[in-house]
**Student:** 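There's a structure below that I have some questions on.
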Amino acid sequence: MNLIEDLRWRGLIAQSTDETALIDALKKPLTLYIGFDPTAASLHVGSLVVLLVLRRFQLAGHNPIALVGGATGLVGDPSGRNDERTLNSSEVVEGWVEGIRKQVAAFLDFDTPVNPAVVVNNLDWTAPLSAIEFLRDIGKHFSVNQMLSKESVSARLDAGGISYTEFSYQVLQSYDFLELYRRNNCTLQLGGSDQWGNIVAGLDLIRRVESGSAHALTVPLLAKSDGSKFGKTAGGSIWLDPTMTSPYAFFQFWLNSEDKDVVNFLKIFSFKSHEEISVLEESHNLNPGLREAHRALAQELTTMVHGADATIRVENAARALFGQGDLAELDETTLANALAELPRTVISKDQEFPTWVELLAATGVVDSKSAARRVIKDGGAYLNNEKVASEEFVLTKSSFLCGKYAVLRKGKRDLAAVELI
RNA sequence: GGCGGGUUGCCCGAGCGGCCAAUGGGAGGGGACUGUAAAUCCCCCGGCUCUGCCUUCGAAGGUUCAAAUCCUUCACCCGCCA
């Protein structure tokens with residue numbers, strides 16, 4: 001099975017330029033790139049889809065380039081949006097570029113002698129360019145008629161307009177491809193399916209300027225089986241940065257995948273063999289309640305992103321906190337380790353203990369005291385796994401397990417720790 | 001530059017002087033059932049010092065006992081015309 005067939009099996013191919021030619025080109029190692037724009041301080045699980053495809057190409061012997069969009073991030077991609085982006089200051093974007101550069105690097109191999117990965121920043125070749133050079137050398141090759149017909153632009157024209165800045169985005173991205181074609185002989189660009197227009201514009205530019213030919217391959221934008229956005233939860237996006245999404249929450253995100261999605265997710269994200277995935281699929285169909293596939297997915301991804309140690313810690317924590325057993329029976333070490341993975345609030349022995357409402361709000365499991373009251377009224381507030389339905393309830397020293405810890409829970413799975421010092 | 005239409009809570013979208021913290025839908029939250037799933041059903045969904053009070057309906061002023069609703073100015077968006 002060749003790489004393209006494997007990607008197809010995984011559901012990772014949306015569109016490509018002439019597939020026969022692409023398969024042919026892939027018989028020899030080629031150089032390919034994917035761009036990531038710094039639109040936040042961290043990548044999220046959605047970016048992981050395409051990043052892992054890049055990794056698959058490297059594993060198959062090709063030369064991967066990860067491009068961080070220090071330039072394009074300053075401009076803003078109109079693709080997939082129906083309103084203009086708010087521009088971020090260059091200092092902010094610069095900071096994000098650094099963070100994302102590190103994240104991307106973690107998934108690629110830079111030490112292999114044959115096809116080491118490369119990370120580049122498009123600001124390096126865009127910044128020195130003067131406006132006149134840009135217009136004469138690059139802009140001249142673009143037809144506004146074609147630019148207007150791009151989905152990303154026409155959608156915006158219908159939705160209320162687009163600035164000249166974002167309109168120019170496709171030109172910048174095309175120039176990136178041209179530049180990488182020249183510098184690295186890069187002949188394939190990967191991206192989310194919303195990037196098709198931008199990528200193809202790059203192919204045109206390469207053809208016009210260098211009479212060269214290159215390829216495009218896009219990955220479907222991942223949606224859940226119910227059509228909703230992948231990678232968003234009530235708490236917001238699932239980020240790769242552990243300070244933005246804790247490894248605990250990250251693990252739980254995968255473990256809580258819907259049944260209908262889990263096998264697809266394994267195909268998309270996992271580096272297990274087809275056979276291993278089939279085994280998990282069978283187990284899942286036979287006894288979904290066991291959630292073996294969910295667990296395998298959560299373990300593999302958490303290990304990939306946060307490391308094996310973190311995965312073990314986080315899984316043990318979940319086992320302790322979700323265990324059927326009485327929390328009071330846990331020994332202090334187990335409890336302390338489990339709680340270390342949760343958001344924590346510290347209260348002092350000397351101060352007056354807060355009321356139940358105040359405590360719930362303080363830990364952040366609810367957004368406000370009003371919300372805390374609502375949850376209490378609805379019977380969704382738990383202390384050490386026991387429902388507490390009184391707003392006036394105040395913890396006492398005996399509420400603290402091992403004399404130190406209290407476990408707050410809202411609903412089934414929203415937990416926080418309180419430590420007494 | 002002229003004329004007309006618009007700006008409502010996380011999103012869409014009603015309301016068009018008091019009965020409005022503001023209809024409805026979606027998203028979200030809790031409960032029941034389950035498997036830390038889905039579907040379904042019930043409840044909730046601005047904040048607080050919570051039988052009351054405070055802050056919201058683009059912004060600032062004004063009219064009125066009373067304004068999201070009327071008037072004025074400003075900002076932005078969308079049309080049509082120049």
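In the text below, chain A, chain B and the rest are named by the order of the sequence lines, each starting its count at 1. None of these values were measured; they are calculated from a predicted model.
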**Student:** For the side chain of A:Lys412 and the base of B:rU34, is some donor closer than 3.5 Å to an acceptor across the two?
**Tutor:** yes

**Student:** When rounded to the nearest Å, what value does the distance between C1' atoms of B:rA21 and B:rG52 take?
**Tutor:** 15 Å

**Student:** With respect to the side chain of A:Lys410, which nucleotide from B:rG29, B:rC48, B:rA37 is positioned closest?
**Tutor:** B:rG29

**Student:** Between A:Gln195, A:His215, A:Gln173, which is the residue that forms a side chain to side chain donor-acceptor pair (under 3.5 Å) with A:Gln189?
**Tutor:** A:Gln173

**Student:** For A:Phe322 and B:rA37, give me the distance from atom CZ to atom C1', rounded to whole Å.
**Tutor:** 13 Å

**Student:** Just to be sure I understand the rule, does A:Ser370 reach a base, reach only the sugar-phosphate, or reach nothing, if contact means heavy atoms closer than 4.0 Å?
**Tutor:** base

**Student:** Hey, can you tell me if A:Phe167 and A:Tyr164 have their rings parallel, tilted or perpendicular (30° and 60° cut-offs)?
**Tutor:** tilted

**Student:** Write out the stems for RNA chain B, ordered by first number and formatted as range with range, counting runs of at least 3 consecutive Watson-Crick or G-U wobble pairs under 3.5 Å.
**Tutor:** B:1-7 with B:75-81, B:10-12 with B:24-26, B:28-32 with B:40-44, B:46-48 with B:52-54, B:58-62 with B:70-74

**Student:** By the 4.0 Å heavy-atom rule, please label A:Phe251 as base, sugar-phosphate, or nothing.
**Tutor:** nothing

**Student:** Send over the distance from A:Glu292 CD to B:rU36 C1', rounded to a whole Å.
**Tutor:** 16 Å

**Student:** Does A:Glu5 have more than 12 heavy atoms from other residues, nucleotides or ligands lying within 6.0 Å of its CD?
**Tutor:** yes

**Student:** Can you tell me if CG on A:Asp331 sees more than 12 non-hydrogen neighbours from other groups inside 6.0 Å?
**Tutor:** yes

**Student:** Take the protein atom CG of A:Asp367 and the nucleotide atom P of B:rC10, then report the distance between them rounded to whole Å.
**Tutor:** 12 Å

**Student:** Go through the N and O atoms of the side chain of A:Asp259 and the base of B:rG35, and report whether any donor-acceptor pair is under 3.5 Å.
**Tutor:** yes

**Student:** Rounded to whole Å, how long is the line connecting atom CG of A:Leu297 with atom C1' of B:rA37?
**Tutor:** 13 Å

**Student:** How far does the P atom of B:rG24 sit from the matching atom of B:rG15, given to the nearest Å?
**Tutor:** 14 Å

**Student:** So what does A:Gly380 hit on the nucleic acid, given a heavy-atom distance under 4.0 Å: a base, only sugar-phosphate, or nothing?
**Tutor:** sugar-phosphate

**Student:** Is A:Arg413 close enough to B:rG30 that one of its side-chain N or O atoms is under 4.0 Å from OP1 or OP2 there?
**Tutor:** no

**Student:** Could you state the CZ-C1' distance from A:Arg295 to B:rG35, rounded to the nearest angstrom?
**Tutor:** 11 Å

**Student:** Taking OP1 and OP2 of B:rG31, is either one under 4.0 Å from a side-chain nitrogen or oxygen of A:Tyr382?
**Tutor:** yes

**Student:** When the nearest nucleotide of RNA chain B is assigned to A:His284 and to A:Arg409 on a heavy-atom basis, which residue is associated with the more 5' position?
**Tutor:** A:Arg409

**Student:** Of the nucleotides B:rG30, B:rU49, B:rU36, which has the atom closest to the A:Asp378 side chain?
**Tutor:** B:rG30

**Student:** Can you tell which of B:rA37, B:rC44, B:rG35 lies closest to the side chain of A:Pro288?
**Tutor:** B:rG35

**Student:** C1' atom, B:rG46 versus B:rA68: distance in rounded Å?
**Tutor:** 15 Å

**Student:** Closest approach to the side chain of A:Gln252, judged atom by atom: which nucleotide of B:rA38, B:rC44, B:rU36 is it?
**Tutor:** B:rU36

**Student:** Distance between the P atoms of B:rG6 and B:rC20, in whole angstroms?
**Tutor:** 24 Å

**Student:** Using the P atom in both, what is the distance from B:rG58 to B:rU8, to the nearest Å?
**Tutor:** 6 Å

**Student:** Strictly below 4.0 Å, N to O, side chains only: are A:Lys369 and A:Glu391 in salt-bridge contact?
**Tutor:** no

**Student:** Is the closest side-chain donor-acceptor distance between A:Arg409 and A:Asn385 under 3.5 Å?
**Tutor:** yes

**Student:** Are OP1 or OP2 of B:rC48 and a side-chain N or O of A:Ser368 less than 4.0 angstrom apart?
**Tutor:** yes

**Student:** Determine the Euclidean distance between corresponding C1' atoms of B:rC70 and B:rG18; express it in Å to zero decimal places.
**Tutor:** 14 Å

**Student:** Take atom CD of A:Glu94 as the centre, draw a 6.0 Å sphere, and report whether it contains more than 12 heavy atoms from other residues, nucleotides or ligands.
**Tutor:** no

**Student:** Given atom OH of A:Tyr248 and atom P of B:rU36, what is their separation to the nearest angstrom?
**Tutor:** 12 Å

**Student:** Can you check the distance between B:rG4 and B:rC57, where both ends of the measurement are the P atom (answer in whole Å)?
**Tutor:** 26 Å

**Student:** When you check the gap from the basic side-chain N to the acidic O, do A:Arg101 and A:Glu98 get nearer than 4.0 Å?
**Tutor:** yes

**Student:** Look at all strands and tell whether A:Arg374 reaches a base, only sugar-phosphate, or nothing, counting heavy atoms closer than 4.0 Å.
**Tutor:** sugar-phosphate

**Student:** Considering only the C1' atoms, how many Å lie between B:rG1 and B:rC19, rounded to the nearest integer?
**Tutor:** 46 Å

**Student:** Can you tell me if A:Glu276 has over 12 outside heavy atoms packed within less than 6.0 Å of its CD?
**Tutor:** yes

**Student:** Answer yes or no: does atom CD of A:Glu332 have more than 12 heavy-atom neighbours from other residues, nucleotides or ligands under 6.0 Å?
**Tutor:** yes

**Student:** A:Lys369 NZ to B:rC54 C1': how many Å, rounded?
**Tutor:** 15 Å

**Student:** Figure out the CG/P separation between A:Leu360 and B:rG30, and round it to whole Å.
**Tutor:** 12 Å

**Student:** Taking only the side-chain heavy atoms of A:Glu258 (C-beta and beyond), determine which of B:rU36, B:rA37, B:rG47 contains the nearest atom.
**Tutor:** B:rA37

